[in-house]
Participant: 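My structure is below; once you've seen it, I'll send some questions.
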Protein chains: 2
Amino acid sequence: MSAEHRSGCPINLSLEVFGDRWSLIILRDMIFGGRRHFRELLNGSLEGIASNILADRLKRLMELGLLTKADDPSHKQKAIYSLTEMAITLVPIMAQLGAWGRVWLPVTEELSIRAELLEKGGPPLWDQFMDELRHEHLGAPPKTPPGTPTVRQQLRAAYEEVVARKAEATVD
Amino acid sequence: MSAEHRSGCPINLSLEVFGDRWSLIILRDMIFGGRRHFRELLNGSLEGIASNILADRLKRLMELGLLTKADDPSHKQKAIYSLTEMAITLVPIMAQLGAWGRVWLPVTEELSIRAELLEKGGPPLWDQFMDELRHEHLGAPPKTPPGTPTVRQQLRAAYEEVVARKAEATVD
DNA sequence: CATTCCGCTTGCATTTTGCAATTGGTTGCA
DNA sequence: TGCAACCAATTGCAAAATGCAAGCGGAATG
């Protein structure tokens with residue numbers, strides 16, 4: 001192991017990658033929120049990340065091999081960030097983290113419905129989602145027949161259903 | 001959500017608990033290494049945690065409900081730390097983190113054999129391990145018949161086998 | 001041609017971390 | 001009884017990370 005690493009333990013090395021308050025938040029927004037641009041990540045983040053921290057983490061995630069950056073052909077100033085295979089395979093970790101948080105922490109209903117769906121879908125749903133991300137970010141051929149609702153669409157629909165139901169309940 | 005939380009998203013809330021470089025390391029050493037005392041955690045940690053950080057994190061993990069502390073009846077100065085159910089259900093997250101790290105990060109063979117075994121065993125092995133931890137830390141009745149090798153023993157045996165094989169290879 | 005938007009960068013205050021030494025007390029052994 | 005070793009921390013201090021607000025040059029938009 002290199003001198004930069006505290007130990008060769010896989011859990012420790014994973015923590016050296018994610019052991020901060022922002023890296024996984026950024027990846028979550030890219031994976032589940034479909035965000036690809038700096039501004040989307042900056043303004044869309046529920047948690048309010050600062051621009052200097054976002055810039056630093058994007059750079060770090062690129063150096064670590066979790067993200068790549070490319071010019072947006074439609075806009076010379078825009079950069080498009082893409083997930084690598086390394087980042088896409090974080091889906092099971094995200095699912096487990098969400099499932100655990102849903103049980104033990106004070107989550108809100110509308111923000112945890114996605115975690116619930118992902119938990120119920122289990123590994124088959126995670127695999128489908130990862131295939132969709134490979135199509136979206138790596139240009140891999142889609143594996144699901146066209147017309148099938150994507151996992152992200154399903155998660156989004158469930159989220160909006162909860163929001164609508166809660167809004168209705170408020171009116172009553 | 002309370003004002004202390006950045007958002008009610010389960011992944012974010014989980015990160016607020018584990019989004020640092022030490023909390024999961026401590027829990028890893030308790031779960032997989034069977035460590036229960038301050039000194040064991042301090043000296044046994046491969047990564048070399050400082051005593052002030054360890055003290056701070058143990059306190060924090062207790063406040064969060066992941067650990068409890070009790071007097072050691074055999075030694076007035078010793079404290080015994082125990083995992084709560086909340087901490088025991090981290091086993092699947094640990095397993096996924098280990099599995100991911102094993103694939104993508106520069107792990108050493110002897111330190112990743114446990115992650116490999118845990119991955120291959122899948123949820124049934126995780127469940128058995130969690131039952132053993134409930135027995136050890138919460139006093140729950142054991143579910144496996146007496147005489148069955150524990151998961152921790154299996155993991156330890158596999159680790160030592162790799163170490164022995166590598167030592168032999170060095171001699172040749 | 002002014003405004004907005006683009007991905008950052010800068011300066012600066014606050015918080016967290018890491019290291020080494022030390023604390024007050026307990027235990028085990030001679 | 002005396003004393004070294006051990007116990008779970010705590011203290012002081014330097015260094016690093018974080019967070020906030022403002023600003024940058026350039027490009028797109030109206």
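The chains referred to below are lettered A, B, ... by the order of the sequence lines, with proteins before strands, and numbering in each begins at 1.
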Participant: To the nearest Å, give me how far apart CD1 (I25(B)) and P (dT17(C)) are.
Facilitator: 14 Å
Participant: To the nearest Å, how far apart are D71(A) CG and dA28(D) P?
Facilitator: 12 Å
Participant: Could you tell me whether a side-chain N or O of N12(B) sits under 3.5 Å from a main-chain N or O of L15(B), the two making a donor and an acceptor?
Facilitator: no
Participant: Using a strict threshold of under 4.0 Å (side-chain N to carboxylate O), is an ion pair present between E40(A) and R36(A)?
Facilitator: no
Participant: Using only heavy-atom distances, determine whether the side chains of S14(B) and W104(A) contain a donor-acceptor pair under 3.5 Å.
Facilitator: no
Participant: Would you indicate which nucleotide in dG12(D), dT10(C), dC6(C) comes nearest to any side-chain atom of K78(A)?
Facilitator: dC6(C)
Participant: Looking only at side-chain atoms of K76(A), point me to the closest of dG19(D), dG7(C), dA28(D).
Facilitator: dA28(D)
Participant: Specify the separation, in whole Å, of atom CG of L58(B) and atom C1' of dT10(D).
Facilitator: 14 Å
Participant: Answer yes or no: does a side-chain N or O of R57(B) lie under 4.0 Å from OP1 or OP2 of dT17(C)?
Facilitator: yes
Participant: To the nearest angstrom, how far is H37(A) atom NE2 from dC8(C) atom P?
Facilitator: 12 Å
Participant: dC20(D), dT17(C), dA21(D): which one has an atom nearest the side-chain heavy atoms of S51(A)?
Facilitator: dA21(D)
Participant: Does a nitrogen or oxygen in the side chain of W22(B) sit under 4.0 Å from OP1 or OP2 of dT16(C)?
Facilitator: no
Participant: Which residue in the set H137(B), M62(B), R57(B) passes side chain to side chain contact (heavy atoms under 4.5 Å, CB included) when paired with L67(B)?
Facilitator: M62(B)
Participant: If only side-chain N and O atoms of K69(B) are considered, is one of them under 4.0 Å from the OP1 or OP2 phosphate oxygen of dA9(D)?
Facilitator: yes
Participant: Whole-Å distance between dT17(C) P and D20(B) CG?
Facilitator: 6 Å
Participant: Is the closest basic N to carboxylate O distance between E161(A) and R165(A) below 4.0 Å?
Facilitator: no
Participant: Send over the distance from D56(B) CG to dA8(D) P, rounded to a whole Å.
Facilitator: 17 Å
Participant: Nearest to the side chain of H75(A) - dA9(D), dG18(C), dC6(C)?
Facilitator: dC6(C)
Participant: Looking only at the side chain of A55(B) (C-beta and beyond, no hydrogens), which of the listed nucleotides dC20(D), dA28(D), dA9(D) gets closest?
Facilitator: dA9(D)
Participant: Nearest whole Å is fine: how far is dG19(D) C1' from I53(A) CD1?
Facilitator: 6 Å
Participant: Can you tell me if R39(B) touches the phosphate of dA8(D), counting only side-chain N or O atoms and a distance under 4.0 Å to OP1 or OP2?
Facilitator: yes
Participant: What is the separation between atom CZ on R60(A) and atom C1' on dA16(D), rounded to the nearest whole Å?
Facilitator: 14 Å
Participant: Could you check whether the side chain of Q77(A) and the base of dG7(C) have a donor-acceptor pair of N or O atoms closer than 3.5 Å, going by distance alone?
Facilitator: no
